[in-house]
Structures are given as C-alpha cells and as structure tokens.
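What follows is a short report on a single structure.
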Amino acid sequence: MIRLDIYQHFRKEEHPFIDQVLSWKDQVERNFQVKLSDFLDPREQKIFKTIIGNNPEFTWNLVGGGETAERKRAVLAPYYELLEENRFEITLLEGTYPTKFISLSHRDVLGAILSLGIKRKKLGDLYVDNGVIQVIVASEIEPFIKMNLTHIKNAQITFEEKPFSSIMEKNDEWISSHTTVSSLRLDVVVKEMYNVSRQIAAASIQKGLVKVNFRVVDSPAFVLEEGDLLSLRGKGRAKLSDIHGLSKKEKWKITFEKLK
C-alpha cells in the first residue's frame, strides 16, 4: 500500500528508479549494508529524498564535489554510520588545452568521454572554461579515463587528479518570468519559455531536441509538473518553478526561470 502511494506522486517512467531506491532501503534496513549510488540528476535526487525522508533508522547524504554541484552520488546507511567524504568515492580530474588553437565545448568533452563506453551515470558535473576541463567521476573509472582520454577533437590532453578545493564552481544566473498558459502541455510551455511558435516548439520536441529532467521527451502532449527542468538544444535551460493554479479565464498561472 505504501509503495502504491509513492508511485502516485511520480511519472510512470520514473517507477523503475523508485523500485531501485526502495531496494536500497530494504537492503540497508535488513542487512545493515551501506549503499552507494551512481551519480543522480536533480530529479532522481528529489525522488531519493522523498522516499527516504526523515526516517530515524537511516542516515544519508548527497555529494557531488562542490557547493553548486548538480549531479551527486547518494550514500544510504544505518543511522549509526558516519558518512565521511571518502564514502562517496568521487574524484576530480583536470586537463588543459591551448585555446589559441582549438575551441572545446561541454558537448565535445562529454561526447569524447561517452565514446569510450563510459555510462553517463558514472560522471558528475563537467566544466569547460578558458582552456581548462574539469570532470567529476566515480573513483572506480578514474584510471580508465586517465589512460584512455588523451585526445578531444584535435587537442592532446592529460588528465590529473585535483583536490576539490580547486573546483570551478558554477555561477548560474536565472531570470524569472510570470505568465499564463492554456495548458501544461510541453509544446505550449516550450513556446512561452523560448519565445517560439507552437509549431516550432512541437517540431523541436518531435525531433528529440527537448529534454525534461535530463531525458529526451518527444511527445508535444507530455504534461509538465512543478519543478521540471527543461532544455531546448541551442536555446539553453529553463525550469517550471511554480504552478499557481488556474486564472478566472481558465488559464494556468506559472512562474518559470531561464538560465541567462
């Protein structure tokens, strides 16, 4: 019965992850194990926190390497365990390249790492700025990356482990807007957020250019919820911060933010 209640609060495609978190919870409860997750995106972190809650039988934390980290590993343990930093098994790798001769983007670096056969869930946040690349990785894949990721595009790069005190923190600035929409369909909200026609919004979604909570959604009719994070390729990120209910004209009053 409890599990059915949990499922009602989340989308059907999120149920497998809910099952995984419930499995971790059961293993810690029954076998007094300590469970370490792969890197979780913000939506998965929200699900994790919702399921575990403030249960006094557990201690848990989410760590991603920096104060502004977006992707984080979770540790779930019996209440008496101490969750020291080394329990999260994350490593900061840094490499440099000559900006005079080559330009690298976040997508270039991520693509190069994934082309090695590494799963996205083994990678935390990734920073590319002014000739410096920093990537937070699960410690178990650190040797593999250092040995195999030696070139990105035409740049030769050597990665070295660095202390987390040297991490490049994000300074994201979000611009807030208030508006009304006829529905919470994805194509309707994308139209407002990115100031494009509904036809362009729908076509972009159907082409797989729109992500909701870091996953491609190709249905214009997909219904958004409060807190959803969106991205439109080439147009940046936005999030549906608040849904304030219906206006007298039966339109949804919403607040959304866009990354400047």
Requested in this report: List the steps, then state whether salt bridge (charged side-chain N to carboxylate O under 4.0 Å, His left out) holds for E14 with K46.
Outcome: CA-CA 11 Å; E14 294 170 333; K46 180 179 179 180; over 6 Å; no
Report task. Step by step, work out the side chain to side chain contact (heavy atoms under 4.5 Å, CB included) result for K25 and E57. Result -> CA-CA 10 Å; K25 183 173 177 288; E57 294 298 311; over 6 Å; no
Query raised in the report: Could you go step by step and tell me if H9 and T50 meet the side-chain hydrogen bond (donor to acceptor under 3.5 Å, both in side chains) rule?
Result: CA-CA 10 Å; H9 295 288; T50 300; over 6 Å; no
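Using a cutoff of 4.0 Å between basic side-chain nitrogens and carboxylate oxygens, R198 and E192 are not scored as salt-bridged. In this structure, R215 does not pair ionically with E13, as no charged nitrogen and carboxylate oxygen lie closer than 4.0 Å. For D187 and R185, the salt-bridge test passes: some basic side-chain N is under 4.0 Å from an acidic carboxylate O. A salt bridge does not link E161 to K146: none of the charged side-chain nitrogens sits closer than 4.0 Å to a carboxylate oxygen. In summary, K153 and D108 engage in a salt bridge, as defined by a charged side-chain N under 4.0 Å from a carboxylate O.
Aromatic ring pairs are classed by plane angle as parallel below 30°, tilted from 30° to 60° and perpendicular above 60°; the pair H178 and H244 is tilted.
S182 contributes atom OG, which lies 6.5 Å from atom NZ of K251 (distance to the nearest 0.5 angstrom).
Summarising the hydrophobic clusters (Ile, Leu, Val, Met, Phe, Trp, Tyr; side-chain heavy atoms under 4.5 Å, direct or chained), the residues clustered with L104 are L93, Y97, I102, V109, L110, I113, L114, L116, I118, L123, L126, V128, I133, V135, V137, I141, F144, I145, L149, I152, I157, F159. Applying the 4.5 Å side-chain rule to ILVMFWY residues, one finds L36, F39, V63, V75, L83, F88, I90, L92, Y127, V132, I136, F164, I167, M168 in the same cluster as V34. Within the hydrophobic cluster formed by Ile, Leu, Val, Met, Phe, Trp and Tyr side chains joined at under 4.5 Å, directly or through other members, Y79 is accompanied by F32, Y80.
Other residues, nucleotides and ligands contribute only 12 or fewer heavy atoms inside 6.0 Å of the NZ atom of K121. At most 12 heavy atoms of other shown residues, nucleotides or ligands fall within 6.0 angstrom of atom NZ in K235. Atom CD of E67 is surrounded by 12 or fewer heavy atoms from other residues, nucleotides or ligands within 6.0 Å.
Tested against L230 for a side-chain contact (heavy atoms from CB on, under 4.5 Å), the candidates K211, M193, K239, K258 yield a single pass: M193.
Not a single donor-acceptor pair under 3.5 Å links the side chain of E81 to the backbone N or O of P78. D228 contributes a side-chain N or O that, together with a main-chain N or O of E225, makes up a donor-acceptor pair within less than 3.5 Å. Remark: the backbone N or O of S139 is not paired with any side-chain donor or acceptor of E89 at under 3.5 angstrom.
Inter-residue side-chain proximity for V188 and W252 is flagged as unmet; no heavy-atom pair is nearer than 4.5 Å.
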